[in-house]
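Working notes, beginning with the structure itself.
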Amino acid sequence: MSNKLSIAIVIFFLAILNNCARGGTETASAPDSSSSIATDTLIPATGTATPLPTWTHTPVPPSATATPLPTLADTSDEADTSAETNLPTNTPEPTPTPIPTNTPVPTDTPVPTNTPDPTPIPDWLTVTGRTEEGLLYLGNPQAPVRLIDYSDFM
Amino acid sequence: MIEETYVKAGLVSLAFNPVLNHGDRSLQSHQAAECAAKQGQFWPFRHFLFENQNALWGGDIRTTLKQLAADFSLDEGLFNACLDEQQTLNLVNQQDARRLDKGIYSQPSFEINDQILIGGQPFSQFQVVIEGQIAQSQ
């Protein structure tokens, strides 16, 4: 029993190999009689092989927004260090602009001039006289008000 | 107060017109004041006489007046001669006649420009009249 099984297995594998050698076409040669196997039960017969899809390369038109990939800078000593990196440098902070203050505009200092002394105001309590009518008066004779005191000492 | 408030400021000139309502005493007193005016002391002696008004009512009026003049430090010789000789009698009489012509019979009376105040008045009343006259003059 085991010998028959072994033989069947061998015949099976031979049939597979024979099928692969043919490429799966009609022009495949007839099977070797020596390896006749029951292909109808193990390997289904196929008509035409489906060709494998092939990838086609469609060139992509260059885009205006395309950003070129940065390239690594040359690390040699003679390289321009200013363009070494695009990294931001420490920019000094702008100094604060001082806020202008209202500075008074200096005015010309008036030069003192020789001014005459003002006319002294008389002490009207010391000015006395007599009116046209003969009355004694005290004070400013040009005063806007004249007060006459009609009195007796008694 | 009128002198300190208005006369000193040159706003009011103060004049004096005698009123002879009490006979010879009034006449002698006013002559004595005019005699002091001859020595340039009318206004202060006038004040002095009002302060010693009670003394004028007793004794001989001339004696009293001469004593008061001496007390006031007037030149006694000039004052006494003036008073004795009645050097200022006519002037005093002329001034009294003037007030009669104006219809002034009561004393004290006050003529402030063209406005008459009769009798003693509080200072505030004088202020109203004086300042009203000042405003009119401006």
Side-chain angles (χ1 to χ4, degrees), chain A residues 82 86-154, chain B residues 2-4 6-23 25-26 28-30 32-34 37 40 42-43 46 49-50 52-53 56-57 91 94-95 98-99 102 104-113 116-118 126 129-138:
Chain A
S82 63
N86 291 332
L87 297 176
T89 59
N90 292 331
T91 56
E93 293 180 357
T95 56
T97 305
I99 299 174
T101 57
N102 291 333
T103 306
V105 177
T107 58
D108 294 336
T109 304
V111 177
T113 59
N114 293 332
T115 56
D117 293 336
T119 304
I121 300 175
D123 184 0
W124 295 116
L125 290 177
T126 63
V127 176
T128 61
R130 199 174 289 274
T131 66
E132 296 178 354
E133 300 166 300
L135 301 180
L136 289 166
Y137 74 84
L138 174 69
N140 182 10
Q142 304 299 325
V145 178
R146 187 179 74 169
L147 191 155
I148 302 176
D149 179 8
Y150 297 88
S151 296
D152 193 357
F153 291 115
M154 306 305 295
Chain B
I2 294 176
E3 294 178 13
E4 288 297 326
Y6 296 103
V7 177
K8 187 175 184 179
L11 297 174
V12 173
S13 67
L14 180 63
F16 181 79
N17 195 123
V19 175
L20 305 179
N21 275 358
H22 295 87
R25 290 184 179 276
S26 297
Q28 297 298 323
S29 299
H30 286 284
E34 285 288 349
F42 170 80
W43 292 100
R46 166 180 171 272
L49 289 179
F50 274 119
N52 295 274
Q53 201 171 28
L56 298 175
W57 288 101
L91 183 57
Q94 291 174 359
Q95 294 171 354
R98 175 184 177 279
R99 60 100 180 171
K102 279 187 166 292
I104 304 295
Y105 299 100
S106 302
Q107 63 92 17
S109 294
F110 304 92
E111 183 181 357
I112 305 173
N113 285 355
I116 302 293
L117 292 180
I118 297 175
F126 282 103
V129 177
I130 290 172
E131 296 187 4
Q133 292 292 333
I134 292 174
Q136 288 183 9
S137 65
Q138 294 179 348

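No hydrogens, no waters, no symmetry mates; every other heavy atom, side chains included, goes into these values. So that the names make sense, note that chain A is the first sequence line, chain B the second, and so on, each numbered from 1.
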With chain A, which of [options] has the greatest number of heavy-atom pairs at distances under 4.5 Å?
| options | answer |
| --- | --- |
| B:G10, B:S29, B:S13 | B:S13 |
| B:R98, B:E3, B:R25 | B:R98 |
| B:S137, B:S106, B:A37, B:S26 | B:S26 |

Can you tell me how far the [atom1] atom of [X] sits from the [atom2] atom of [Y], to the nearest 0.5 Å?
| X | Y | atom1 | atom2 | answer |
| --- | --- | --- | --- | --- |
| B:L14 | A:N140 | CG | CG | 12.5 Å |
| A:T126 | B:K8 | OG1 | NZ | 10.5 Å |
| B:L20 | A:M154 | CG | CE | 11.5 Å |
| B:W43 | A:L125 | CH2 | CG | 11.0 Å |
| A:L138 | B:R46 | CG | CZ | 9.0 Å |

So for [X], is it side chain, backbone, both, or neither that comes closer than 4.5 Å to the heavy atoms of chain A?
| X | value |
| --- | --- |
| B:I104 | side chain |
| B:Y6 | neither |
| B:Q94 | neither |
| B:L117 | neither |
| B:F42 | side chain |
| B:L91 | side chain |
| B:A9 | backbone |

Side-chain contact test, heavy atoms from C-beta onward, threshold under 4.5 Å: evaluate it for [X] versus [Y] and give yes or no.
| X | Y | result |
| --- | --- | --- |
| A:V145 | B:I112 | yes |
| B:F110 | A:I148 | no |
| B:H22 | A:F153 | no |

What heavy-atom pair brings [X] and [Y] nearest, and what distance separates the two atoms?
| X | Y | value |
| --- | --- | --- |
| A:Y150 | B:Q107 | O-CB, 3.7 Å |
| B:Q95 | A:G134 | NE2-O, 3.0 Å |
| B:H30 | A:S151 | CE1-O, 3.4 Å |

Return yes if some donor-acceptor pair links the side-chain N/O of B:Q133 with the main-chain N/O of A:P144 below 3.5 Å, else return no.
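The answer is no, because no donor-acceptor pair under 3.5 Å joins these two groups.
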Tell me whether B:N113 contacts the main-chain N or O of A:R146 through its side chain, where contact means a donor paired with an acceptor under 3.5 Å.
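Yes.
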Any salt bridge between A:D152 and B:R99, counting N to O under 4.0 Å?
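Result for this pair is no, no salt bridge flagged.
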